[in-house]
Amino acid sequence: MPKVSIIIPVYNVEEYLDEAMQSLLTQSFSDYEIIAVNDGSTDGSLSILERYASKDKRITVISQSNQGQSAARNVALRHSSGNYIYFMDSDDSLKPESLQTCVDYMEQTQADFIFFDADIMYEQGASPIPWDYHRSHLCQPDVAYEGEKLLNLMLDTGKHSCVVWGLFIKKAYLDHIALTFYPGIIHEDELFTTLLTLQSHRIFSLQASLVKHRVRQASTMGHRYSARNVNCYLTVFDQLFQFQNSHITRKFARYTLSKVFYTAHLIPLKDKPQVFFRALRSGYLKYIGWKSTLIFWLK
């Protein structure tokens, strides 16, 4: 069995896929499998994957109709056999020592999962994002953090990030808590990573930048903000509050939903009543706040 299962959902990324795959094949650590799920690509992505798979038995390609990243990752999880899981974005790349560094640190710490930093690569024309992915320095090195304590720290410092490509996870821990991705939504990392964190008692900060994360014009985060973005965030919090209605989930709701509705002033006026009254019925206005509510309607 391989030590690491690398899971990659792939959808119309032919321009970047060679770079991503090469960054894996040139790793200093080689005891891994790659499970790439072609999620209904209409470009040359599948051909690229099949070319790599024909040359390297560590690579498995699964094809399905377009169902979104959650479904693609879930099907790959069911096929994974490694001790550790890494969810890679198909337009990112790993530094050559990344897998070895993660495996060594996981075995040193016996963590449920570790998190690490990333550097940003901007595609020409992509809008700058108002945050970065350097937060490992907020934690003490080689100290185990309990999930609620860590989430509280990240919220207080404004450094919370739910991206799964910044995590390296023990497969036995995922199996133990029976966690998968919620299907049919975008912003699925917000739910997955928060549920992962809240149920963990051994989280460690690996204080290194191991990923080059690409920000594209056509990426999920680069698309024009729509009612779907807001509805998916509301679904995330429906699920989180169903899991646990506690001080930390309420704090996370205030941290997130105020920003979501502030940004949602961009959606067409005709779409605003539906998302607003859904939030109202769910009791979320107290987390959104009056300022973001006014901007949502008036800006």
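The analysis underlying the following values was restricted to heavy atoms, covering all of them including side chains, and did not include hydrogens, waters or symmetry mates.
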| Ring centre gap for Phe241 and Tyr287 strictly below 6.0 Å |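 Yes.
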| field | Ring-ring centroid check Phe252 His160, cutoff 6.0 Å | value |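 They qualify: ring centres under 6.0 Å apart.
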Treating [X] as the side-chain partner and [Y] as the backbone partner, does any N or O pair qualify as donor plus acceptor under 3.5 Å?
| X | Y | value |
| --- | --- | --- |
| Ser41 | Leu46 | no |
| Asp39 | Val10 | no |
| His79 | Ala76 | no |
| Asn74 | Pro183 | no |
| Gln69 | Glu188 | no |
| Ser23 | Ser93 | no |
| Tyr133 | Ser209 | no |
| Arg214 | Asp91 | yes |
| Glu148 | Leu198 | no |
| Tyr145 | Gln140 | yes |

Would [X] and [Y] show up in the same hydrophobic cluster when neighbours are defined by side-chain heavy atoms closer than 4.5 Å?
| X | Y | value |
| --- | --- | --- |
| Val4 | Trp165 | yes |
| Leu77 | Met1 | no |
| Phe116 | Ile120 | yes |
| Ile48 | Val13 | yes |
| Tyr284 | Tyr262 | no |

| query | Which one of Asp119, Thr26, Thr101 satisfies the side-chain hydrogen bond (donor to acceptor under 3.5 Å, both in side chains) criterion with Lys95? | reply |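 By the side-chain hydrogen bond (donor to acceptor under 3.5 Å, both in side chains) criterion, Lys95 pairs with just one of Asp119, Thr26, Thr101: Asp119.
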For [X] and [Y], test the side chains for any donor-to-acceptor distance below 3.5 angstrom and give the result as yes or no.
| X | Y | result |
| --- | --- | --- |
| Lys170 | Asn83 | no |
| His213 | Asp92 | yes |
| Asn38 | Gln64 | no |
| Asp271 | Ser226 | no |
| Gln100 | Asp104 | yes |
| Tyr105 | Gln207 | no |

| Inter- and intrachain pairs under side chain to side chain donor-acceptor pair (under 3.5 Å), touching residues 191-203, at least two apart |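 Every pair satisfying side chain to side chain donor-acceptor pair (under 3.5 Å) with a residue in residues 191-203: Asp112-Ser200.
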| task | Before giving the answer on side-chain contact (heavy atoms from CB on, under 4.5 Å), spell out for Asn229 and Thr263 the whole-Å C-alpha distance, their side-chain angles and the decisive distance to 0.1 Å. | result | CA-CA 10 Å; Asn229 294 86; Thr263 308; over 6 Å; no
Let me confirm one number: the [atom1]-[atom2] distance from [X] to [Y], rounded to the nearest 0.5 Å.
| X | Y | atom1 | atom2 | value |
| --- | --- | --- | --- | --- |
| Gln244 | Arg250 | CD | CZ | 9.5 Å |
| Leu234 | Phe276 | CG | CZ | 11.5 Å |
| Ile186 | Cys232 | CD1 | SG | 4.5 Å |
| Ile114 | Leu206 | CD1 | CG | 5.0 Å |
| Leu99 | Leu210 | CG | CG | 9.0 Å |
| Ile35 | Ile7 | CD1 | CD1 | 5.5 Å |

| request: Quick one: do Thr235 and His187 satisfy side-chain contact (heavy atoms from CB on, under 4.5 Å)? Show the steps, please. | output: CA-CA 10 Å; Thr235 297; His187 309 301; over 6 Å; no
Nearest heavy-atom neighbours spanning [X] and [Y]:
| X | Y | result |
| --- | --- | --- |
| Cys139 | Ser205 | CB-CB, 3.6 Å |
| Leu167 | Arg135 | CD2-NH2, 4.5 Å |
| Ala20 | Met88 | O-CE, 3.8 Å |
| His134 | Ala118 | CE1-O, 3.0 Å |
| Ser282 | Asp238 | OG-OD1, 3.9 Å |
| Ile185 | Tyr182 | CG1-O, 3.7 Å |

| field | Face-on cation placement of Lys259 at Tyr255 ring, 6.0 Å and 45° thresholds | value |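 Cation-pi check for Lys259 and Tyr255: passes.
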So do [Y] and [X] actually touch side chain to side chain, heavy atoms under 4.5 Å?
| X | Y | result |
| --- | --- | --- |
| Tyr32 | Arg58 | yes |
| Glu107 | Lys3 | yes |
| Ile267 | Lys272 | yes |
| Leu196 | Ile177 | yes |
| Phe261 | Val230 | yes |
| Ile169 | Met106 | no |

| task | Output all residues satisfying ring pair (Phe, Tyr, Trp, His ring centres under 6.0 Å) with Phe87, sequence neighbours left out; order by chain, then residue number. | result |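 Listed in chain order: Phe181, Phe192.
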| task | Could you please spell out the steps behind the side-chain contact (heavy atoms from CB on, under 4.5 Å) verdict for Val260 and Tyr225? | result | CA-CA 10 Å; Val260 168; Tyr225 213 75; 3.5 Å; yes
| said: Can you tell whether the side chains of Asp156 and Lys149 come within less than 4.0 Å, N to carboxylate O? | reply: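 Lys149 and Asp156: not salt-bridged.
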| request: Dump the intermediate steps for side chain to side chain donor-acceptor pair (under 3.5 Å) on Asn12 and Ser45, then the final yes or no. | output: CA-CA 6 Å; Asn12 288 353; Ser45 295; 5.1 Å; no
| field | Stepwise salt bridge (Lys or Arg N to Asp or Glu O under 4.0 Å) check, Asp132 with Lys159 | value | CA-CA 8 Å; Asp132 63 37; Lys159 284 286 190 177; 3.0 Å; yes
| Neighbour count above 12 (heavy atom, 6.0 Å) for His176 NE2 |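 No, because the 6.0 Å sphere around NE2 of His176 holds 12 heavy atoms or fewer from other groups.
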Would you be so kind as to tabulate the donor-acceptor pairs closer than 3.5 Å made by side chains of residues 288-299, with sequence neighbours excluded?
unit_1	atom_1	unit_2	atom_2	d
Ser292	OG	Ser258	O	2.8
Thr293	OG1	Gly289	O	2.7

| said: What verdict does the side-chain contact (heavy atoms from CB on, under 4.5 Å) test give for Thr60 and Ile34, after you've listed the backbone C-alpha separation in whole Å, the side-chain angles of each residue and the deciding distance to 0.1 Å? | reply: CA-CA 6 Å; Thr60 299; Ile34 299 171; over 6 Å; no
| field | Working for salt bridge (Lys or Arg N to Asp or Glu O under 4.0 Å), residues Lys57 and Glu33 | value | CA-CA 8 Å; Lys57 64 182 181 180; Glu33 64 178 355; over 6 Å; no
